[in-house]
Chemist: 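Pasting a structure here, questions to come.
The analysis underlying the following values was restricted to heavy atoms, covering all of them including side chains, and did not include hydrogens, waters or symmetry mates.
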Amino acid sequence: MRWFLLIASLMATPLGAADWDVPNRAGAIAEILAQAADGDTLRLSPGTYAENVLLDRPMILDGQGHATLDGQGEGSVVTVDGPDVIVRGLTVLGSGSSHETIDSGIKLTKKATRAQVLDNVVLGNLYGIDIHGAKKSLVARNRIEGRLDRRMNSRGNGIYVWNAPGAVVEGNDVRFGRDGIFVNSSRRNIFRDNLFRDLRFAVHYMYADDSEVTGNVSIGNDLGYAVMFSTRVKVADNVSIGDREHGVMLNYANRGEISGNYVVNAQEKCTFLYNSHKNMFRDNWFEGCGIGIHFTAGSQDNRILGNAFIGNRTQVKYVSTKWVEWSEEGRGNYWSDFAAFDVDGNGIADAPYRPNDSMDHVLWTQPSAKLLLGSPAVQLVRWSQSAFPALLPGGVIDSHPMMKPVRPDVSEKVPHDG
């Protein structure tokens, strides 16, 4: 195996590839590029280069951690328009301000197959890194900070992925701007182990099938992980802490896997499903939200088991005239507000749990009725339904509630004191 990797590495590196030390003076990068051959490495000297750079053939542009490229407000600062290019160790700033041309710190065009963007600092550009049609690209370990001089919806995204099958985005720290990662019309992408703060959406998916969002951390954004109009997306082992609207949202998203996520203190909803079907929700932790999980617009045939619903003001919001079972093979979910008992000691409650009753349905449709919550009439209705379950209107039933919650390992990823 080692011999195979060595041979593959040698085949990928052109024989006789040279290293060029680029002096810090005006026009030096363009001058050296004109002389360099395919596969050569340009090593930038310390300092700031006021240049927009075009890389249209196999090349390594290495800032060595001490060189800055400044586009001075014109277009994209670095444009990769050829295969097998590596951009690493740079500080990149000063892009233009046009959404029409997607002015970016680093832009990968559809010709930039197998491009690698590694260990850069990308500051104050309209878009941070634009993967625009580049197949099998890798964007890893970059620090990206967007602009603060516009309304959030008028800013660009930290990382924009369009029609870039096989792209991998991992280990990046993205802050400010609009969305951390915005994906549109792409497939087979991987977004893992990224950190997102002070954004609109941490990850925003549109028409992006057969992809995964795993191991990411979203802190204090408007919304954590939004998957829309997509099929077979894996959203697993992510953290959402203090996101203002929702931790995880599915909108017209089908046949996905949502598992092992840790969502805490979303002001509105830990999870929201809108017209999303045949998804698996397994082993997630939903705590301290306005609503633990909200199903609406006909979301059907979703499987819900092994999750922990802890201290949400409303655990489940789901209106239906029929009962929907949230357990499989004798295992359901954990509910912090269920005063359960377990006589046989098997870890499963001896009675089913129904998170909603008819009064909940009234309160959802007529919020002003909350003024009557303490009235004898409301208490009588709720007592009658608990004593005679046949009076309940339908909705969620967990026939095998868990006695103890199972905390996902990812909860240790970010220290959180509440």
Chemist: Keeping Asn184 on the side-chain end and Trp162 on the backbone end, is there a donor-acceptor pair under 3.5 Å?
Modeler: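 A pair under 3.5 Å: no.
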Chemist: Centroid-to-centroid, His99 to Tyr127, below 6.0 Å?
Modeler: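 Yes, ring centres under 6.0 Å apart.
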Chemist: So do Ser211 and Val183 actually touch side chain to side chain, heavy atoms under 4.5 Å?
Modeler: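 No, side chains not in contact.
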Chemist: Just checking, is any N or O donor in the side chain of Asp337 or Gln315 under 3.5 Å from an acceptor N or O on the other one?
Modeler: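 Judged by distance alone, the side chains do pair up.
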Chemist: For Phe196, run the side-chain contact (heavy atoms from CB on, under 4.5 Å) check against Val203, Asp173, Asn238 and tell me which one passes.
Modeler: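 Between Phe196 and the candidates, side-chain contact (heavy atoms from CB on, under 4.5 Å) is satisfied uniquely by Val203.
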Chemist: Does some side-chain heavy atom of Asp398 sit less than 4.5 Å from a side-chain heavy atom of Ile304?
Modeler: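 The answer is no, as the side chains (C-beta and beyond) never meet within the 4.5 Å cut-off.
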Chemist: Looking at Asp70 and Tyr49, would you say the former's side chain and the latter's main chain have a donor-acceptor pair under 3.5 Å?
Modeler: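 Checking the backbone N and O of Tyr49 against the side chain of Asp70, no donor-acceptor pair under 3.5 Å is found.
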Chemist: Enter the distance from Asn120:CG to Leu118:CG here, rounded to the nearest 0.5 Å.
Modeler: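 That separation rounds to 7.0 Å.
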Chemist: If only atom types and distance count, is the side chain of Glu328 paired as donor or acceptor with the main-chain N or O of Leu305 below 3.5 Å?
Modeler: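 Not at all, since once roles are kept as given, no pair shorter than 3.5 Å links the two residues.
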Chemist: Strictly by modelled atom types, are Asn279 and Ser276 linked by a side-chain donor-acceptor pair under 3.5 Å?
Modeler: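 On atom types as modelled, these side chains do not qualify, holding no pair under 3.5 Å.
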Chemist: So if I apply the side-chain contact (heavy atoms from CB on, under 4.5 Å) rule between Asp179 and each of Leu199, Asp222, Asn157, Asn221, which one comes out positive?
Modeler: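 Only one option passes, and that is Asn157.
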Chemist: Before accepting this row, confirm whether a basic side-chain N of the pair Asp210/Arg188 lies closer than 4.0 Å to the acidic partner's carboxylate O.
Modeler: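 Salt bridge: no.
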Chemist: Within this structure, what is the CD-CG distance for the pair Gln64 and Leu42, rounded to the nearest 0.5 Å?
Modeler: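 One gets 10.5 Å once the value is rounded to the nearest 0.5 Å.
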Chemist: How long is the straight-line distance from NE2 of His294 back to OG1 of Thr271, given to the nearest 0.5 Å?
Modeler: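 Output value for this atom pair is 12.0 Å.
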Chemist: With a 3.5 Å distance limit and no angle check, can you tell me whether Asp40 reaches the backbone of Ala18 through a side-chain donor-acceptor pair?
Modeler: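 Flag set: sc Asp40 to bb Ala18 pair under 3.5 Å.
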Chemist: With no hydrogens and no angle check, is any side-chain donor or acceptor of Asn189 less than 3.5 Å from a backbone partner on Ala208?
Modeler: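 Checking the backbone N and O of Ala208 against the side chain of Asn189, no donor-acceptor pair under 3.5 Å is found.
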Chemist: Would you check if Asn254 and Lys278 make a side-chain contact, meaning some heavy-atom pair closer than 4.5 Å?
Modeler: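 Counting from C-beta outward, Asn254 and Lys278 never come under 4.5 Å.
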Chemist: Donor-acceptor check, side chain of Arg178 to backbone of Arg155, threshold 3.5 angstrom: yes or no?
Modeler: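 Present.
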Chemist: Quick check for you: to the nearest 0.5 Å, what is the distance between Asp193 atom CG and Arg141 atom CZ?
Modeler: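 One gets 12.0 Å once the value is rounded to the nearest 0.5 Å.
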Chemist: Under a 4.0 Å N-O cut-off, is there an ion pair linking Asp62 with Arg43?
Modeler: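 Not counted as a salt bridge, because no side-chain N and carboxylate O are separated by less than 4.0 Å.
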Chemist: Verify, without hydrogens or angle tests, whether Lys107 (side chain) and Ile102 (backbone) share a donor-acceptor contact under 3.5 angstrom.
Modeler: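 Yes, the answer is positive, given that a donor and an acceptor are paired below the 3.5 Å cut-off.
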Chemist: Check whether any side-chain heavy atom of Ile258 lies under 4.5 Å from a side-chain heavy atom of Val227, and answer yes or no.
Modeler: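 No, too far: nothing below the 4.5 Å cut-off.
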Chemist: Establish, from distance only, whether the side-chain atoms of Ser104 and Asn125 form a donor-acceptor pair under 3.5 Å.
Modeler: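 Side chains of Ser104 and Asn125: no pair found under 3.5 Å.
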Chemist: Heavy atoms, side chains only, cut-off 4.5 Å: are Arg200 and Leu223 in contact?
Modeler: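 A side-chain contact is absent here, since even the closest heavy-atom pair is not under 4.5 Å.
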Chemist: Establish, from distance only, whether the side-chain atoms of Glu100 and Ser98 form a donor-acceptor pair under 3.5 Å.
Modeler: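 No, Ser98 and Glu100 have no side-chain donor paired with an acceptor closer than 3.5 Å.
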Chemist: Run the ring-ring contact (aromatic ring centres under 6.0 Å, His included) test on Tyr205 and Phe191 for me, step by step, so that the C-alpha distance in whole Å, both residues' side-chain angles and the decisive distance to 0.1 Å come before the verdict.
Modeler: CA-CA 11 Å; Tyr205 252 76; Phe191 307 105; 5.8 Å; yes
Chemist: For the CD1 atom of Ile159 and the CD1 atom of Ile181, what is their distance to the nearest 0.5 Å?
Modeler: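 These two atoms lie 5.0 Å from each other.
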Chemist: Closest heavy-atom contact between Ala340 and Ala349?
Modeler: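 Closest approach of Ala340 to Ala349, heavy atoms only: CB-CB, 3.6 Å.
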Chemist: Does a salt bridge link Asp198 with Arg175, judged by any charged N lying under 4.0 Å from a carboxylate O?
Modeler: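 Arg175 and Asp198: salt-bridged.
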Chemist: Could you walk me through whether Asn333 and Phe338 pass the side chain to side chain contact (heavy atoms under 4.5 Å, CB included) test, one step at a time?
Modeler: CA-CA 11 Å; Asn333 305 272; Phe338 183 35; over 6 Å; no
Chemist: Side chains of Val174 and Asn194: closer than 4.5 Å at any heavy-atom pair?
Modeler: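 With C-beta onward as the side chain, the pair stays apart.
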Chemist: Can you see which heavy atom on Ser186 is nearest to which on Pro165, and at what distance?
Modeler: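 Ser186 and Pro165 have their closest heavy atoms at OG-N, 3.8 Å.
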Chemist: Does a side-chain N-to-carboxylate-O contact under 4.0 Å join Arg331 and Glu329?
Modeler: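 Looking at Arg331 and Glu329, the cut-off is not met.
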Chemist: Quickly, which of Val117, Asp81, Val85, Thr79 forms a side-chain contact (heavy atoms from CB on, under 4.5 Å) with Leu108? Name it, please.
Modeler: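 The single option meeting the side-chain contact (heavy atoms from CB on, under 4.5 Å) with Leu108 is Val117.
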Chemist: Looking at Phe281 versus Phe286, is the centre-to-centre ring distance below 6.0 Å?
Modeler: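 Ring-ring flag for Phe281/Phe286: false, centres at least 6.0 Å apart.
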Chemist: Does a side-chain heavy-atom distance below 4.5 Å link Ile397 with Glu325?
Modeler: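 Ile397 vs Glu325: side chains touch.
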Chemist: Check the orientation of His204 and Phe201. Use parallel for under 30°, tilted for 30 to 60°, and perpendicular for over 60°.
Modeler: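 Ring orientation, 0 to 90° scale: perpendicular.
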Chemist: Is there side-chain contact between Ser95 and Arg147, with heavy atoms separated by less than 4.5 Å?
Modeler: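 Ser95 vs Arg147: side chains touch.
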Chemist: For the CG atom of Leu33 and the CD atom of Glu51, what is their distance to the nearest 0.5 Å?
Modeler: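 Nearest 0.5 Å value for the CG-CD distance: 8.5 Å.
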Chemist: Are more than 12 heavy atoms from other residues, nucleotides or ligands located less than 6.0 Å from atom CD of Glu31?
Modeler: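 Yes - once you tally the heavy atoms of other residues, nucleotides and ligands closer than 6.0 Å, there are more than 12.
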Chemist: Out of Phe309, Tyr334, Trp326, Trp335, which residue meets the ring pair (Phe, Tyr, Trp, His ring centres under 6.0 Å) rule with Tyr353?
Modeler: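 Single pass found, and it is Trp335.
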Chemist: Can you tell whether the side chains of Arg255 and Asp209 come within less than 4.0 Å, N to carboxylate O?
Modeler: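 Result for this pair is no, no salt bridge flagged.
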Chemist: Val139 and Val161: side chain to side chain contact (heavy atoms under 4.5 Å, CB included), yes or no, with the steps?
Modeler: CA-CA 11 Å; Val139 174; Val161 181; over 6 Å; no
Chemist: Within the distance-only criterion (no hydrogens, no angle test), does the side chain of Glu212 pair as donor or acceptor with the backbone N or O of Arg192 below 3.5 angstrom?
Modeler: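 Checking the backbone N and O of Arg192 against the side chain of Glu212, no donor-acceptor pair under 3.5 Å is found.
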